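Below, each value reflects all heavy atoms present in this structure, side chains not excepted, and no hydrogens, waters or symmetry copies. From a predicted model like this one, the values you see are computed outputs, not experimental measurements.
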Amino acid sequence: MDLQIALLIGQDGVTSGAIYALLALALVLVFAVTRAIYIPQGEYVAYGALTLATLQSGALPATLWLLMGAGLAVTVIDGVAAIRKRDGRAWGATLGWNVAYPAVLVLTLSALSPAQLPMALQILLTLAIVVPIGPMIYRLAYQPVAEASVLVLLIVSVAVHVVLVGLGLLFFGAEGSRTAPLWDASFAVGWMTVSGQQICVLAASAALIVGLYLFFEKTLYGKALRATAINRNGARLMGFSPVFAGRLTFLLAAFIGTLSGVLIAPVTTVYYDTGFLIGLKGFVAAIVGGLASYPLAAAGALIVGLLESFASFWASAYKEAIVFTLIIPVLMWRSLHSHGIDEEA
Amino acid sequence: MKTRKLSVLCVAAGLMFAQAASADVNVGISVSSTGPGAALGIPEKNTFALLPTEVGGEKINYIVLDDATDPSVATKNARKLVSEHQVDLLIGSSVTPSSLAIAEIAVESHTPQITLAPVNLPPEKNTWVFRAPQQNKIMATALVAHMKAAGVRTLGFIGYSDAYGEDWLTTIEPLLSKEGIKMTAVERFNRTDTSVGGQTLKLIAARPDAVLVVASGSPAALPQTTLKERGFKGQIYQTHAAANPAFLKVAGKAAEGTIMPIGPVVVVDQIPDAHPSKASGLAFVKAYEAKYGARSFSSFAGHAHDAFKLLEAAMPVALKSARPGTAEFRQALRDAIEASREVVGVHGVFTMTPEDHFGMDERGRVLIEVQAGGYKLLPM
């Protein structure tokens, strides 16, 4: 192995590391705010990529029907409560977000021919379709058991994951898809070529990480989420609704996942069940950060990406084993060095 | 008097019913219509809905189960089919690991099995297990012959890190060394991998004349496109499992010029009229696409169809000596399948022997080249 090959592999590793970093951040965020280990996080990656691919092929993506279905379910649950309380405003808001919004999206998409739209608009539409599914899933699956133990939340996560993968097979079929490249250019840096796609992935990840940092440090909502993560009851006493925190978190997680899907769709074939493995690698990275630290999780993601890439060169048959074995020394090191008190104890 | 007549009638009707129920031939099917093997299992499942439900006046019941590409579910399915439904024949599964799991139950319960994946078994487990698809060896000899004719001296290999990749590797190695072709790099990848950058670099660094990709369906497109992106100029070979519309769609331009061995049914409109599978292949593809849409046919549907052909040929023979639902019938059915001579399927012609439970010869494969997003038959 010479320097050139090492650099090429490193490049590959950093690109996948950037995607794992995004997923790891989303996992840490969801765990910190709601205590749920968010296994379905990877599904947004698959849904995002495949929805974009369906739009590019000129068809209506089936995720629209999921959005409508989930929206109707939320309306039934929240609407009944709002009517009982005779709260007209809440009733209107529920109806607007969960029924009117999906309906408007369906009408817009049927009026336009999505295959002819510019790429940027297709991506925006993809985000508009998939991201709102996040808070709806929170309302339907997590909010009713928000106060339950971490284990119950984990079981709910497994259930949601299985449902979403099954729906993915129904929506998109068993075969994978690829989308058109975001940026079809390549640059020579020294004797290395960097593709426009890799620049897109790295730039988007960096922008998102900086954006999340600013959101948590500078905005009121960000601070409120942090407060909820540190102390749920305290945040509630300060007038910040944990339900709202949950929905906001799931919205962010869905946004990060869908964007990751859009970013990787041009470089690799995405299948309805691709998300799980990508999400799992993001989870390994999040574990490196103890499911609490964002910078450590991002660093962990880079390690996972590079390890995977070099393992695929040296010992491709054992690649996954090597990547997932990383979790063992990390857990040992953490158990020696962490003195956190288990919340459940 | 009246009541007596009625009761006699009832008893007679009841007897007839019992007769009909026990005389039905039950076929238990477990395919991978969800999970990683879904691309194979769905067309197979579709095929069973098209098959005749009667052969020579005997009714056939198909009991189709999904094993989610999970060998442990396949085992459970097979147990259920054998003990609850008392099936006379097991068909499945779609992928090699699940087929191996079902084979255990087939051997244990003395039920004949026709797999839809090309599994290899030790002789003592082989007795009850037959295969619909071509043995990888039949396909590999076609590829090696082409390599030899094209002057390939060195070959790179990248395949699934599962039983399919392993079987191809062990099958093709002796064939290559016999022709003096050296294998210069062996790399592995997984169906779910999002990048094969590292493996590809290593392959290219070994500078082989050609590369063989051993994978199925659209995942086979990932090494293909990565090799082309990294500037590999040599010939790329794929295996028959890659030959489906999704592979062509995902690989796009990068697939041009790829050579693969496949069952004749995939290019049924191009094979010569003299080919034994031409007529039945054309008819089956037409029937399949009439029900499931144009260009929906894939070679896996053909394997399910051929499993039925083996049953269709063997059933009348077995019915002569025993009644369905009995151990004697299963034994007779097994013997009849093993005695299959020149049974024409859409993938080729089966002639089983006690040693060879695959049964296909070189009529079961052709070589094709990908041209302009479609397949072109190569002269052999």
Check: For residues 201-212 of chain B, which residue pairs qualify under side-chain hydrogen bond (donor to acceptor under 3.5 Å, both in side chains), counting only residues two or more places apart or in two chains?
Finding: none
Margin query: Shorter than 4.5 Å, heavy atoms on both sides: which option in A/Ser312, A/Gly166, A/Ala315 has the most such pairs with chain B?
Written below: A/Ser312
Next item on the list: Considering only heavy atoms and a distance below 4.5 Å, find which of B/Leu203, B/Asn190, B/Ile158, B/Val186 pairs most often with chain A.
Entry: B/Asn190
Margin query: B/Asp193 vs A/Lys319, test: side-chain contact (heavy atoms from CB on, under 4.5 Å). Steps then yes/no.
Written below: CA-CA 10 Å; B/Asp193 279 358; A/Lys319 193 193 77 178; 2.8 Å; yes
Next item on the list: For chain A, find which of B/Ile42, B/Asn244, B/Leu40 contributes the most heavy-atom pairs closer than 4.5 angstrom.
Entry: B/Asn244
Item checked: Nearest-0.5 Å distance, CZ of residue A/Arg178 to OG of residue B/Ser218 -> 10.5 Å
Note to self: Once rounded to the nearest 0.5 Å, what's the spacing between atom CG of B/Leu201 and atom CD1 of A/Ile9?
What the structure shows: 5.5 Å
Notebook entry, point to check: Which answer fits A/Ile278, side chain, backbone, both or neither, if we ask what part of it has an atom under 4.5 Å from a heavy atom of chain B?
Noted result: side chain
Notebook entry, point to check: So what's closer than 4.5 Å to chain B heavy atoms on A/Thr274: side chain, backbone, both or neither?
Noted result: side chain
Notebook entry, point to check: Does the A/Ser316 side chain pair with the main chain of B/Gln199, one donor and one acceptor, at a distance under 3.5 Å?
Noted result: no
Next item on the list: Find the distance between CG (A/Leu277) and OG1 (B/Thr194) and round it off to the nearest 0.5 Å.
Entry: 8.0 Å
Note to self: On the six-membered ring of A/Tyr271, is B/Arg191 placed so that its NZ or CZ lies under 6.0 angstrom from the centre and within 45° of the ring axis?
What the structure shows: yes
Checklist line | Considering all heavy atoms, the nearest B/Ser195-A/Asp12 contact | finding: OG-OD2, 2.6 Å
Notebook entry, point to check: Tell me, side chain or backbone of A/Tyr272 under 4.5 Å from chain B's heavy atoms, or both, or neither?
Noted result: side chain
Item checked: Distance-minimising heavy-atom pair for A/Leu169 and B/Ala38 -> CD1-CB, 4.1 Å
Next item on the list: Considering only heavy atoms and a distance below 4.5 Å, find which of B/Gly165, B/Pro219, B/Gly37, B/Ser33 pairs most often with chain A.
Entry: B/Pro219
Margin query: Quick one, B/Lys249 and A/Thr269 - any side-chain contact, counting heavy atoms below 4.5 Å?
Written below: no
Check: When rounded to the nearest 0.5 angstrom, what is the spacing between OH in A/Tyr318 and CZ in B/Arg188?
Finding: 9.0 Å
